[in-house]
Structure formats: C-alpha cells, structure tokens
**Q** 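Here it is: the structure, laid out below.
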Amino acid sequence: MEQKNAVNPGARPAAPAPKAAPAKSSGGASLFSVIVIVLAFIASVIIFKFVLGDPSHFLGGNPENNPKPGDYLGIVYKGGVIVPILMTMLLCVIVFSIERALTIAKAKGDKSIEEFVRGVRQKLNSNDITGAIAICDQQKGSVANVVRAGLKKYQEMGRETNMNTDQRVLAIQKEIEESTALELPMLEKNLVIISTLASIATLVGLLGTVFGMIKAFSALAQAGNPDATALATGISEALINTALGIGTSALAIVAYNFFTSKIDELTYSIDEAGFSIIQTFAAQHGNARQV
C-alpha cells in the first residue's frame, strides 16, 4: 500500500502542467481586455471633443450654443459627459465581437466542421486511427486538438494490457473531457465583457437621459418664462443617451447570443466525435476481450 501511494504522487505532478497554459493565456486575455477598454475610452474622448464638439456644428461657432438645425453630431455632443462612456462601450462591443469572431473561426479549423467530424467517423469505422489523426492535423483548431488528444489516447489504450475494457474507455473519455476543458475557456473569453455591456449599457444611457432632463428643466426654471424650443432641445439631447445605450445593448445582446450559439455548435461537434471514438474503441476492444 505504501508503494502504491508513493507511485501515485510521482505520476500526478505532470497533470497540473497543462493548466499553466490557460493561466498564462488568461492573464494575456485580461491584459488585452484592459488595453482595449483604455484605448476605446481614449478614442471616444477624442471623438467627443474634436469631432462631435467641433465648433462648426453649433450656432455662432460656439459649442456652448445650441447645435445647428439637423446637425446630429452637435446634438450628440450635447448629450453630455455620459456620451463618451457610451461610445466606449459601443467600441468595446465592436472590438470584442471582431476578436471573438476571429477566434471562433480559428477554432473551427481550415475546413467545415461537419466535414471534419464526418471524416473522422469514417476513419474510425475503418479502424484507421492514424488516418483520423492525420485529418486532425490537417484541420487544426480547438475541435481538432480535442479529437486528436482522444485519438492519441485511443492508440495508447489499444496497447494497454493491464486494464480492462471499461477502464480503458474511461481513460479515453477522461482525456477528451480534460482536453475540452482546456480548449473551451479560450472560446469563451471576453464573452463576459460583452454580456456585461449588454446589461449596463441601457442603464448608463438612462442615467445620461436623467442628467439631461434635470439640466433641461433646471434651465427652464432659471429662465422664468417657459421656452418650448429650449425644452424640446433639452429633451432631444437627453434622449441621445437613451438611443446610444439601447443601441449598444442591442448590439451586445445579438453578439453574445451569436457567439454562444457558435460555441455550442463546436461543443456539440466535440461531443459527437468523442462519442464515436469511445463507441468504436468499446466495440472493437470489447469484442476482442470477449473472444
């Protein structure tokens, strides 16, 4: 018993090694996210000050005056200090959506994912494990990496003589699950940011609207006589924040649901290929054991 306990600790230190990669990539992803947010904020402030706030958009060439009739850039500028924050959120949604699209496209591999899974199953049915691994090498991507790990374990368990069929099947299944656990976090990075922006963008927009309405009615109260034009202008300026907030939130919700569905498709493909690997091994080696 003491010898068995002494062997197991010696064999397990290699297990935590693969976890170092996700930790490193997670830190890189966090740094990337911070850089994107900071740059988006800087770009939004610059656009707000020098593009939307350009004097040519306002009466008398003074940003303190009302915007020219029909000049929407000037109207957006009058939305106040909340506008750069909403613009930052909008830019972040766009950048992170592009980044996720590129990452998921890379995870699929070079060819159609359905064609890849079909090819692997055909090779498995003909007991050509080496050919199936070659298909994985050609496909590349996260799905191919998981399937390749399962096929490598398939070959290893095929040469194993000290374990029964059930134990070898469980070993293959565990290898596929561990490989999947290492690959999926890469696909889901930054989706939390997109989902968070989808939740808070509308609230920030409403906050800007409230500030704008307070400012508009305060100006009317100080003026003494009700000014319908000033009130309408103030309300339109305030509603700019609502429009930006709702638009950003809607874009983030669409992007989040789209990428989530794509990740589910990849996960389903991994499950389908993994099931084929396990079933093929159990059928072939189980029958061999019975004979």
**Q** So do M89 and I200 actually touch side chain to side chain, heavy atoms under 4.5 Å?
**A**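 Yes, at least one pair of side-chain atoms sits under 4.5 Å.
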
**Q** Identify the two heavy atoms, one from F259 and one from I104, that lie closest to each other, and give their separation to 0.1 Å.
**A**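 Minimum heavy-atom contact is CD2-CD1, 3.7 Å.
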
**Q** Please report the shortest heavy-atom distance between L91 and A40, naming the atom on each side.
**A**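 The answer is CD1-O, 3.7 Å.
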
**Q** Which residues pass the side-chain contact (heavy atoms from CB on, under 4.5 Å) test with I35, sequence neighbours left out?
**A**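 Scan of I35 (side-chain contact (heavy atoms from CB on, under 4.5 Å), adjacent residues dropped) gives L31, L39.
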
**Q** Would you name the heavy atoms of M186 and T103 that are closest together and state the gap between them?
**A**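 Smallest interatomic distance, heavy atoms only, reads O-CG2, 4.0 Å.
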
**Q** Mind checking salt bridge (charged side-chain N to carboxylate O under 4.0 Å, His left out) for K123 and listing every partner two or more places apart, or none if nothing turns up?
**A**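 Counting only residues at least two positions away or on another chain, K123 forms a salt bridge (charged side-chain N to carboxylate O under 4.0 Å, His left out) with D128.
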
**Q** Looking only at atom types and distance, does a side-chain atom of Q122 sit under 3.5 Å from a main-chain N or O of G119, one as donor and one as acceptor?
**A**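 No, because the side chain of Q122 does not come within donor-acceptor range (under 3.5 Å) of the backbone of G119.
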
**Q** Does one hydrophobic cluster hold both I113 and L102, with members joined at side-chain heavy-atom distances below 4.5 Å?
**A**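 As far as the 4.5 Å side-chain criterion goes, L102 and I113 are connected within one cluster.
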
**Q** What pairs of residues pass the ring pair (Phe, Tyr, Trp, His ring centres under 6.0 Å) test when at least one of them lies in residues 156-200, not counting sequence neighbours?
**A**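 Counting only pairs at least two positions apart or across chains, no ring pair (Phe, Tyr, Trp, His ring centres under 6.0 Å) contact touches residues 156-200.
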
**Q** Sequence neighbours left out, what passes ring pair (Phe, Tyr, Trp, His ring centres under 6.0 Å) with F41? Give chain and number order.
**A**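 Applying ring pair (Phe, Tyr, Trp, His ring centres under 6.0 Å) to F41 gives none.
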
**Q** Measure the CD1-CD1 distance between I176 and I277 for me, rounded to the nearest 0.5 Å.
**A**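 Between I176 CD1 and I277 CD1, I get 4.5 Å after rounding to 0.5 Å.
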
**Q** Do you know which two heavy atoms are closest between A255 and I194, and how far apart they sit?
**A**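 Scanning both residues, the minimum pair turns out to be CB-CG2, 4.4 Å.
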
**Q** Could you tell me whether the side chain of R168 reaches within less than 4.5 Å of the side chain of F281, counting heavy atoms only?
**A**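 In short, these two side chains touch, coming nearer than 4.5 Å.
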
**Q** To the nearest 0.5 Å, what is the distance between OG (S30) and NZ (K189)?
**A**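 Reported value, rounded in 0.5 Å steps: 8.5 Å.
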
**Q** Identify the heavy atoms of P84 and S44 that sit nearest to each other, and give their distance.
**A**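 Smallest heavy-atom distance, with atoms named: O-CB, 3.5 Å.
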
**Q** Should F116 and I135 count as side-chain neighbours, where that means a heavy-atom distance under 4.5 Å?
**A**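 With C-beta onward as the side chain, the pair touches.
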
**Q** Between I253 and L244, is there a shared hydrophobic cluster once you connect ILVMFWY residues whose side-chain heavy atoms come closer than 4.5 Å?
**A**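 Unlinked, I253 and L244 end up in two clusters.
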
**Q** Considering only residues two or more places apart or on different chains, which pairs with a residue in residues 93-120 satisfy salt bridge (Lys or Arg N to Asp or Glu O under 4.0 Å)?
**A**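 Every pair satisfying salt bridge (Lys or Arg N to Asp or Glu O under 4.0 Å) with a residue in residues 93-120: there are none.
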
**Q** Got a sec, which residues hit side-chain contact (heavy atoms from CB on, under 4.5 Å) with I193, two or more places apart in sequence or on another chain?
**A**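 By the side-chain contact (heavy atoms from CB on, under 4.5 Å) rule, I193 matches S33, F96, N190, L197.
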
**Q** Supply the atom-to-atom distance L206 CG to N241 CG, rounded to the nearest 0.5 angstrom.
**A**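 Spacing of CG (L206) from CG (N241) equals 9.5 Å.
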
**Q** Find the distance between CG (L86) and CG (L207) and round it off to the nearest 0.5 Å.
**A**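 Separation between the atoms: 9.0 Å.
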
**Q** Does anything in residues 51-73 form a salt bridge (Lys or Arg N to Asp or Glu O under 4.0 Å)? List the pairs, not counting sequence neighbours.
**A**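 Of all non-adjacent pairs touching residues 51-73, none passes salt bridge (Lys or Arg N to Asp or Glu O under 4.0 Å).
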
**Q** In the single-linkage hydrophobic clustering (I, L, V, M, F, W, Y; side-chain heavy atoms under 4.5 Å), do I75 and I47 co-cluster?
**A**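 Linked within one cluster.
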
**Q** Counting only N and O atoms by type, is there a donor-acceptor contact under 3.5 Å from the side chain of S199 to the main-chain atoms of S195?
**A**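 Yes; at least one donor-acceptor contact below 3.5 Å.
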
**Q** Can any side-chain N or O of T209 pair as donor or acceptor with the backbone N or O of L239 at less than 3.5 Å?
**A**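 It does not hold such a pair.
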
**Q** Could you list the donor-acceptor pairs under 3.5 angstrom formed between side-chain atoms of residues 148-157 and any protein atom two or more places apart in sequence or on another chain?
**A**
unit_1	atom_1	unit_2	atom_2	d
R148	NE	D137	OD1	2.6
Y154	OH	Q284	OE1	3.0

**Q** Under the rule for side-chain contact (heavy atoms from CB on, under 4.5 Å), what residues qualify as partners of F258, not counting sequence neighbours?
**A**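 F258: side-chain contact (heavy atoms from CB on, under 4.5 Å) contacts with K262.
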
**Q** Check whether any side-chain N or O of S142 sits under 3.5 Å from a backbone N or O of A107 as a donor-acceptor pair, and report yes or no.
**A**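 Answer holds: no.
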
**Q** Give a yes or no on whether M163 and V169 share a hydrophobic cluster (residues Ile, Leu, Val, Met, Phe, Trp, Tyr; joining criterion: side-chain heavy atoms under 4.5 Å apart).
**A**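 M163 and V169: one cluster.
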
**Q** So, using salt bridge (charged side-chain N to carboxylate O under 4.0 Å, His left out) as the criterion, who are the partners of E272 when residues are at least two apart?
**A**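 Applying salt bridge (charged side-chain N to carboxylate O under 4.0 Å, His left out) to E272 gives R121.
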
**Q** Can you tell me how far CG of L170 sits from OG1 of T165, rounded to the nearest 0.5 angstrom?
**A**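 Here the interatomic distance stands at 11.0 Å.
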
**Q** Closest heavy-atom contact between I263 and E188?
**A**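 Heavy-atom minimum between the residues: CD1-CG, 4.0 Å.
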
**Q** Under the ring pair (Phe, Tyr, Trp, His ring centres under 6.0 Å) rule, collect the residues that match up with Y256, sequence neighbours excluded.
**A**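 With neighbours one apart ignored, the set is empty.
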
**Q** Supply the atom-to-atom distance T180 OG1 to E175 CD, rounded to the nearest 0.5 angstrom.
**A**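 One finds 9.5 Å between OG1 of T180 and CD of E175.
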
**Q** With sequence neighbours left out, what residues match V38 under side-chain contact (heavy atoms from CB on, under 4.5 Å)?
**A**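 Partners of V38 by the side-chain contact (heavy atoms from CB on, under 4.5 Å) criterion, ordered by chain and then number, come out as V34, I42.
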
**Q** Quick one: do I98 and V254 end up in the same hydrophobic cluster if we chain Ile, Leu, Val, Met, Phe, Trp and Tyr together by side-chain heavy atoms under 4.5 Å apart?
**A**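 As far as the 4.5 Å side-chain criterion goes, V254 and I98 are not connected within one cluster.
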
